[in-house]
Amino acid sequence: MTTPTSAHHPTGAHPTPQPPDERPTPAPARTARAHSFNAAAAQYAANRPSYPPALFDAIEDLTGRPLAGTRVADIGAGTGIATALLHARGAHVVAVEPGDGMAAQFRRTLPRIPIIRGTGDDLPLTDDSLDLVTYAQAWHWTDPARAVPEALRVLRPGGALALWWNTDALDVPWIAEAAARTERFFHIDVSAEKRNVNARAADPTGLLDFTRRTVRWSRRVPVDTHLANIGSHSVFLVHDAERTASFLAEEREHLLRTFPDGFVEEVYEVVLFLAETPA
C-alpha cells in the first residue's frame, strides 16, 4: 500500500520507519519507488500478504472497543488489502489513496467501499470525524511532521491512530539467507527495517504516546506467488527489468532447494503502533 512522496526526504539519519522494501534512498529514486506501485497494482493485489485476525484483535484490545460500527479511514489504502479486512470486521471504512493504478485496482476489487484521492500529509477529511485512522504499510511514505497533526485533526476525542507493517521474520534461517541475497544484490540493509520501526521514528513530533504490539503469523504459498510478492516491492519495480528477472530466476532455484514441493512458508511479524487521542 502506498502514499505518495512529499517534501519529506528520508535518509539514513531520518527516523521515519522503513519497511523491508522501502530502504532510504535519494529523493529522485524515492519518488520513482513511490509511483512504481501504480504500474504493478494487479500484481500487488494478487500476491502481497494479507494480515492475520490477531492484528485486528490487538487493535480492539488496545482501543477497548470493537471495530464493528467504528468510523475508520484507511490511509494509503493501495489495492485495499487492509481496507477489506477492516470492512469485514464491521467497520465503516473510507479509503484514501493517491495513486491512479492502485485506486483503479481498489475500485475493481472493492466497488462498494468508498475511496477518496488524497494523501496522509493533507487528508481530504473533516475535523473530528473518525474513530480510527489506519496506515497499513504506508506511514513511511508520509512526512510525520504533517501526517501526525492531520491524523489528530480528523480523529474525534478518544480516537486512535494505528500504524502497522508486515516485517520478515529474520530469525527463520531461509528468510535470513534470502534477505542476505537481496542485500548483496540491491546494496541495502534489510535488517534495518525492524531497528527503524520504533515510537520515536513513527512520531518524531512527540505528540503521540504509542503502544507497540507484535503479531507473528505465516502463510504457505506457491513459489511463483512468493516470487511475485517480492517482485512487487518498489526496490524491484524500479530496477532494470532484465537484472531483476535474473535475480528472481536465481531466487527460484534457491527456494526450490529449500522447498522441493514448490510451496514456500512465509513467516511474518506484524509490527503495530497504536496511539489514542485525549478523550
Side-chain angles (χ1 to χ4, degrees), residues 1-3 19 37 41-99 101-118 120 123-125 129-139 151 154-156 158-167 211-222 225-226 228-229 232 265-276:
M1 302 179 187
T2 178
T3 307
F37 299 109
Q43 178 182 349
Y44 190 117
N47 301 289
R48 282 291 184 105
S50 186
Y51 304 102
L55 168 65
F56 301 96
D57 294 340
I59 292 172
E60 292 181 329
D61 180 52
L62 289 171
T63 60
R65 57 181 178 269
L67 283 165
T70 298
R71 295 167 297 168
V72 183
D74 186 29
I75 316 301
T79 62
I81 295 172
T83 311
L85 295 172
L86 290 162
H87 177 74
R89 298 284 290 228
H92 303 304
V93 191
V94 60
V96 177
E97 167 58 41
M102 299 295 261
Q105 182 66 42
F106 183 105
R107 291 190 181 99
R108 284 192 289 271
T109 306
L110 302 168
R112 296 178 182 271
I113 298 179
I115 181 169
I116 303 171
R117 305 300 295 280
L123 291 172
L125 302 165
S129 61
L130 299 165
D131 301 306
L132 180 66
V133 171
T134 62
Y135 282 82
Q137 308 286 132
W139 185 252
V154 302
L155 284 166
R156 65 164 180 80
L161 171 65
L163 324 173
W164 68 83
W165 293 265
N166 262 328
T167 66
T211 298
R212 175 174 174 151
R213 292 280 181 90
T214 301
V215 178
R216 193 176 179 98
W217 72 289
S218 65
R219 67 170 188 167
R220 189 169 183 266
V221 296
T225 299
H226 174 75
N229 167 27
S232 74
E265 185 75 16
E266 297 177 346
V267 185
Y268 297 98
E269 289 185 340
V270 183
V271 179
L272 166 69
F273 282 94
L274 187 140
E276 292 187 284

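- Considering only heavy atoms from C-beta on, I115 stays 4.5 Å or farther from V94 through its side chain.
- A salt bridge links D61 with R213: the closest approach of a Lys/Arg side-chain nitrogen to an acidic carboxylate oxygen falls below 4.0 angstrom.
- Not one N or O on the side chain of T70 forms a donor-acceptor pair closer than 3.5 Å with the backbone of D131.
- Closest approach of G78 and E97 over heavy atoms only: N-OE1, 2.8 Å.
- Taking each heavy atom of V270 and P52 in turn, the nearest pair found is CG2-CD, 3.8 Å.
- Closest non-hydrogen pair, S50 versus I81, comes out as CA-CG2, 3.8 Å.
- R216 is listed as a side-chain neighbour of V267, based on a closest heavy-atom distance under 4.5 Å.
- The shortest distance between side-chain heavy atoms of L86 and T134 falls below 4.5 Å.
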Applying side-chain hydrogen bond (donor to acceptor under 3.5 Å, both in side chains) to T83 and D74, what does each step give before you reach the verdict? CA-CA 6 Å; T83 311; D74 186 29; 2.6 Å; yes
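- Side-chain contact check for H87 versus H92: every heavy-atom pair is 4.5 Å or farther apart.
- Between W164 and I59 the shortest side-chain heavy-atom distance falls below 4.5 Å.
- For the pair I113 and V93, the tightest heavy-atom approach, listed with the atom from each and the gap, is CG2-O, 3.7 Å.
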Applying side-chain hydrogen bond (donor to acceptor under 3.5 Å, both in side chains) to E265 and S218, what does each step give before you reach the verdict? CA-CA 7 Å; E265 185 75 16; S218 65; 2.9 Å; yes
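- With hydrogens and angles left out, the side-chain atoms of Q105 and T79 include no donor and acceptor closer than 3.5 Å.
- Considering every non-hydrogen atom in both A136 and A82, the closest pair reads CB-CB, 3.6 Å.
- Between L274 atom CG and L163 atom CG the span is 8.0 Å, to the nearest 0.5 Å.
- Residues N229 and R219 meet the side-chain proximity criterion, which asks for heavy atoms closer than 4.5 Å.
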Could you walk me through whether L161 and E276 pass the side chain to side chain contact (heavy atoms under 4.5 Å, CB included) check? CA-CA 6 Å; L161 171 65; E276 292 187 284; over 6 Å; no
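- Although no hydrogens or angles enter the test, the distance criterion places no donor-acceptor pair under 3.5 Å between the side chain of R48 and the main chain of A228.
- When each of W217, Y268, Y51 is tested with N166 by the rule side chain to side chain donor-acceptor pair (under 3.5 Å), just one qualifies, namely W217.
- Of all heavy-atom pairs spanning L130 and V133, the tightest one is CD1-CG2, 3.8 Å.
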Just do the side chain to side chain contact (heavy atoms under 4.5 Å, CB included) check on R212 and L272 with the steps written out, would you? CA-CA 6 Å; R212 175 174 174 151; L272 166 69; over 6 Å; no
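- In this view, E60 and R89 satisfy the salt bridge (Lys or Arg N to Asp or Glu O under 4.0 Å) rule, not counting sequence neighbours.
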Side chain to side chain contact (heavy atoms under 4.5 Å, CB included) between W165 and Y135, intermediate numbers included: CA-CA 9 Å; W165 293 265; Y135 282 82; over 6 Å; no
